[in-house]
Every structure is written in structure tokens, then in C-alpha cells.
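The chains referred to below are lettered A, B, ... by the order of the sequence lines, with proteins before strands, and numbering in each begins at 1.
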Number of protein chains: 2
Amino acid sequence: MGETAGFTIKQAAEQTALSEDTIRYYEKIGLLPEADRKMNRHRIYHGEDLRVMKMITCLKKTGMSLDEMKPFLGLTNDSDLTAYPDLQQKLLQHKENIQQQIDSLQMIIDVIDTKLTSGRMPDQCELAEPTKKMPRAQLI
Amino acid sequence: MGETAGFTIKQAAEQTALSEDTIRYYEKIGLLPEADRKMNRHRIYHGEDLRVMKMITCLKKTGMSLDEMKPFLGLTNDSDLTAYPDLQQKLLQHKENIQQQIDSLQMIIDVIDTKLTSGRMPDQCELAEPTKKMPRAQLI
DNA sequence: TGTTGACTTGAAGTCGACTCCAAGTTGTAT
DNA sequence: ATACAACTTGGAGTCGACTTCAAGTCAACA
């Protein structure tokens, strides 16, 4: 039972900013592979597992959905994306979605500013419906 | 039964870009007042009702939650906000939330760009967790 | 021996904002 | 008479990403 044997789910949770429940949930929905078990059926995690979890944590912060991030989880942090043109394309697309989101939010700011300064709220509020799934994040 | 008698829920839905179900739902949760009824118990709407619904449609597009928009629904489109300092303050706060959202999304763009151009995904992905409720909208 | 404490499981509950459904009523057209 | 459309109601279902719960297992410690 030395320190080299791996990490408990609690330790994994601490290191990855996920909760234990969330880790089990990710395993259940197939985002994480089935974890190795100790003799007592407790899950045990190794460095590679933590790397994937940290990648999830990071991609989640970029507003990517759990489904969308599945293809990326095989990559190491500094693996060369140009070797995977499809992933590169997906990431570029994700970036463009976010850029569109920024543009749209800027339009909203303009509408609000118009109301705040000129007192006028446009009759036809020329903004589109919110899309079903857009990233949400916040400054640290 | 002339054209001056008001609007059916279907007509209201058409004019406000809400669905009939949504209008009934808004009434149920108290976002809209209880509608007048015709003799046959059908809801009937007047100009003022449509104005409120359009205001909802507009505020929704700015990412405001149904709860948050309740205080604003008494205002006409061009009523002077400076007469209502609390509402002005709320709207300013809403705007600042959106601005923070933009800043945060810009950070995400930067992280993704770093990966796309230098191939490096930061170990510590220095972005905060998504907040529970942030606006989502899209360009028209 | 008994009681923690860490872990296990499957299932149910949460959030907001709808959306859909089935059954019923009313008014009009054929 | 009868079909049909438009509306009514209460209630259930949906979405994603968890969170919470109850009940069980297992090893270590007093």
C-alpha cells in the first residue's frame, strides 16, 4: 500500500477539481473509461486517468459539452493537433462558435446601452433567440 | 365580434414570437397577468398585453431570466429609465454581467488559440467554472 | 465486537424554461 | 347531426450535467 499504488477517487477529485460523484457519473456515461479496482472493489486511478480528468476540467471551462469533448480525451496536453486534422477542425469550429457568442453578446450590450443612455428600447428587438447550447464561463 | 375586440392567443403568439403554450406558461408562473376571457372562456389579449409580451421577448434575448425581468414589465418601451433608479441599476448590473461574460469568452478564445497555434493546452487551465446562469444569444 | 470512515451501487431529484399530451368544451360549417 | 378547428385544463416529459439519497460492503482501529 505505498504511495506509488495510485490514487483513490477522493484524491483524484481533489487533484482534478471534479467531485467524486462527478467522476463516477463520467464513468457511467462513458466519458471516462471503467476504472481499475483494488481488491476491495474501490476504484483506483493512475497518472493517465488524472490527465484525462484534467483535460475534461479544462475543456469544460471552454464551454464544450461532455459529448463534444469525447474525441479530444485521447490527446496529451501538448500533443500536436496538426497530426489530427479532424480534431483541429472541431476545435476551430468550437472557437468560432464562441466568437459568434461574443459578437451576439456585444449586440445585447449595445441594445442595453441604447436603453440606458437614450431611454429607447427597440420595438423590434433585433436579436436572435438564444441557441440551445452555448458556452458559459466566467473570469477567474 | 369586430376586429377591435382583441386578439386570440394564437394571434398574440404570432405577433410576439412566443408560442401559445409559452404564453399560457407565463401566465401560470405569474410573469403575465391572468388574461381576460371571452364568454367561451378563451383568453383574449389587448394591445397592452402584446406590449408586455414583446418586452419579454426582447429581454429574453438579452439573456435575462424570467424572474429577473419581472420588475421591468410595467415599463413602456420608451419610458424614461432615469425615473426608476432601481431598474436602471438592475439593467446596468445586467449589462455588466454580460460584459464579464464577453471577457471570459475572450479568455477561452485565447486558450484555444494557444492550442491551435502553439499546440499547447495549459496544464492549469486558468479559467473559472461556468456560472450557473449566464445569457446565451446569437446573431440574427 | 462494534463503530467509524471510505467507498460501493442504482435510482431518484434538481435546475429553468419550456413542450407535449390527453381529455374536455365551445362555436362554426356542412 | 356531425365533423372540425380553436381553444381549455392539469399534468407529465424534456434537456444536460450533475447532486443527493438509501442501503450495502469492506478494512482498520479501540
Thinking salt bridges, do A:R51 and A:E48 make one under a 4.0 Å N-O criterion? yes
Does a nitrogen or oxygen in the side chain of A:R37 sit under 4.0 Å from OP1 or OP2 of D:dT25? no
Judged by each residue's nearest nucleotide on DNA chain D, which is more toward the 5′ side, B:Q11 or A:Y25? B:Q11
In whole Å, what is the span from the CE atom of A:M53 to the P atom of D:dC18? 14 Å
Measure CG/A:L59 against C1'/D:dA17 and give the value in whole Å, please. 16 Å
Under 4.0 Å: is that the gap between some side-chain N or O of B:S19 and OP1 or OP2 of C:dC18? no
Based on the rotation axes of five pairs at each end, what angle does the helix from C:dT1-D:dA30 to C:dT30-D:dA1 bend through, to 10°? 40°
Of the listed nucleotides D:dC18, C:dC7, D:dT9, the one nearest the side chain of B:R41: D:dT9
Measure the CD1-CD1 distance between B:I102 and B:I109 for me, rounded to the nearest 0.5 Å. 11.5 Å
For B:E20 and C:dC18, what is the distance between atoms CD and P respectively, to the nearest whole Å? 15 Å
Among the nucleotides C:dA6, D:dT9, C:dT8, whichever has the atom closest to the side chain of A:R24 is C:dT8
Write down the distance between NE2 (B:H42) and C1' (C:dT25), rounded to a whole number of angstrom. 7 Å
Taking for each residue the nucleotide of DNA chain C bearing the nearest heavy atom, is the 5' side occupied by A:I9 or by B:K28? A:I9
Less than 4.0 angstrom between a side-chain N/O of A:T22 and OP1 or OP2 of D:dA17, yes or no? no
Taking atom C1' of D:dT8 as reference, at what distance in whole Å does atom NZ of B:K10 sit? 15 Å
Below 4.0 Å: OP1/OP2 of D:dC7 and any side-chain N or O of B:T8: yes
Candidates B:L66, B:V52, B:I23 - the one meeting side chain to side chain contact (heavy atoms under 4.5 Å, CB included) with B:L31: B:L66
From CD1 of B:I23 across to P of D:dA6 the rounded distance in Å is 16 Å
With sugar-phosphate meaning primed atoms plus P, OP1 and OP2, does B:R43 contact a base, only sugar-phosphate, or nothing at under 4.0 Å between heavy atoms? sugar-phosphate
Between B:Q100 (side chain only) and B:N97 (backbone N and O only), is there a donor and an acceptor less than 3.5 Å apart? no
Please identify each residue that fulfils side chain to side chain donor-acceptor pair (under 3.5 Å) with B:D113, with sequence neighbours left out. A:K95
Would you say A:K60 places a side-chain N or O within less than 4.0 Å of OP1 or OP2 belonging to D:dC18? yes
Taking C:dG27, D:dC7, C:dC18 as options, the one with an atom nearest any side-chain atom of B:Y26 is C:dC18
Nearest-Å distance for atom pair CG/P, residues A:D21 and C:dT14: 16 Å
Shortest non-hydrogen contact between B:Y45 and B:A12, atoms and distance: CD1-CB, 3.9 Å
Would you indicate what B:N40 reaches in the nucleic acid, counting non-hydrogen atoms under 4.0 angstrom: base, sugar-phosphate, or nothing? sugar-phosphate
Could you pull out the closest heavy-atom pair between A:I44 and A:D49, with the gap in Å? O-OD2, 4.4 Å
Grab the CE-P distance between B:M39 and D:dC7 for me, whole Å please. 13 Å
Check the surroundings of atom OH in A:Y84: do more than 12 heavy atoms from other residues, nucleotides or ligands lie under 6.0 Å from it? no
